[in-house]
Amino acid sequence: MSTAKKEYKRITVKTLVDMKANGEKISMLTAYDYTMAKIVDGAGIDVILVGDSASNVMAGHETTLPITLDQMIYHASSVVRAVNRSLVVVDLPFGSYQSDPKEALRSAIRIMKESGGHAVKLEGGKEIKDSIKRILNAGIPVMGHLGLTPQSIYKFGTYTVRAKEEAEAEKLIEDAKMLERIGCFGVVLEKIPSNLAKKVAESISIPVIGIGAGPDVDGQVLVLHDMIGMTHEFNPRFLRRYLNLFDDMTDAIAQYVDDVKTRDFPNDSEKY
Ligand code: KIV
């Protein structure tokens with residue numbers, strides 16, 4: 001199995017499928033704006049997800065449900081303008097694809113046309129199969145999302161680990177196989193037991209990207225603001241923090257306030 005980081009000029013959905021076939025792990029992070037996306041793309045991430053977690057992270061909502069299609073297009077177009085190499089996947093928000101396949105296609109077309117994103121992601125399995133097929137038939141690449149699907153939070157009632165019971169695990173495997181069969185290029189598995197995630201990754205040939213799904217999948221995704229420690233109240237077991245920007249920024253801003261109050265800033269070399 002290869003652990004080397006291969007050089008790719010531009011990541012496409014085909015690159016991701018090839019990466020899985022070659023045993024190369026796929027890196028994925030969220031971004032919602034130009035400045036962050038520029039850093040993430042420049043650092044060599046394979047896939048940038050313009051997630052509907054923007055509803056929580058950017059807008060301060062408790063769930064992902066309130067974010068609108070127009071707001072997702074705004075975030076996605078900002079990200080696309082920053083990106084040179086990564087594949088940009090955009091979440092279809094709650095309410096933009098659930099009612100019927102025609103509405104799903106209309107929403108996906110708006111995302112592709114108005115944001116310039118490269119692919120869309122939808123939450124759910126066989127319940128939304130016809131919508132996914134309709135989008136795929138229009139030539140739009142689709143990524144699935146199974147396990148914990150935050151747009152259904154009011155149905156689940158909690159954000160705890162999904163598919164621990166046999167029946168739900170069996171359905172998840174069936175849904176993942178269906179997503180592969182109808183032509184999705186990948187699937188996100190969120191917060192499920194790692195042995196189940198491994199089984200799914202071994203039973204389909206499209207990449208399986210995990211978040212809280214253990215190491216035996218084809219790639220990993222995290223919410224950028226969580227992994228760089230800008231958020232600090234969300235502490236699930238699966239989250240590794242690479243920075244503590246909440247504290248670093250708080251200290252820097254407090255220092256600036258102090259410098260202004262004490263007339264230390266600006267000094268002679270900082271004026272015209
Ligand atoms: O919206 C999002 O950030 C996501 C990830 C958690 C996979 O869907």
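Here the structure is a predicted model, which means the values were calculated and not measured. All ligand and atom numbering here is 1-based and tracks the order in the structure. In what follows, every heavy atom counts, from backbone to side chain, and hydrogens, waters and symmetry copies are set aside.
- In summary, of the residues considered (Glu166, Glu127, Glu165), a salt bridge (Lys or Arg N to Asp or Glu O under 4.0 Å) with Lys171 occurs for Glu127 alone.
- The closest side-chain donor-acceptor pair between Asp226 and Thr231 falls under 3.5 angstrom.
- Between the side chains of Glu180 and Ser205, at least one donor N or O lies within less than 3.5 Å of an accepting N or O.
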Hey, can you pull the donor-acceptor pairs under 3.5 Å for the side chains in residues 119-126, sequence neighbours left out?
unit_1, atom_1, unit_2, atom_2, d
Lys121, NZ, Asp91, OD1, 2.8
Lys121, NZ, His145, ND1, 2.7
Glu123, OE1, Gln151, N, 2.9

In a simple table, one pair per line, please give the protein and ligand 1 atom names for every N or O pair closer than 3.5 Å, along with the distance.
unit_1, atom_1, unit_2, atom_2, d
ligand 1, 1 (O), Asp52, N, 3.2
ligand 1, 1 (O), Asp52, OD1, 3.0
ligand 1, 1 (O), Ser53, N, 3.1
ligand 1, 1 (O), Ser53, OG, 3.3
ligand 1, 1 (O), Asp91, OD2, 3.1
ligand 1, 3 (O), Ser53, OG, 2.5
ligand 1, 8 (O), Lys121, NZ, 2.9

Show the atom names and distances, to 0.1 Å, of all donor-acceptor pairs under 3.5 Å that link a side chain in residues 208-215 to residues at least two apart or in another chain.
none

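- Applying the salt bridge (charged side-chain N to carboxylate O under 4.0 Å, His left out) definition to pairs two or more places apart or across chains, none involves residues 238-253.
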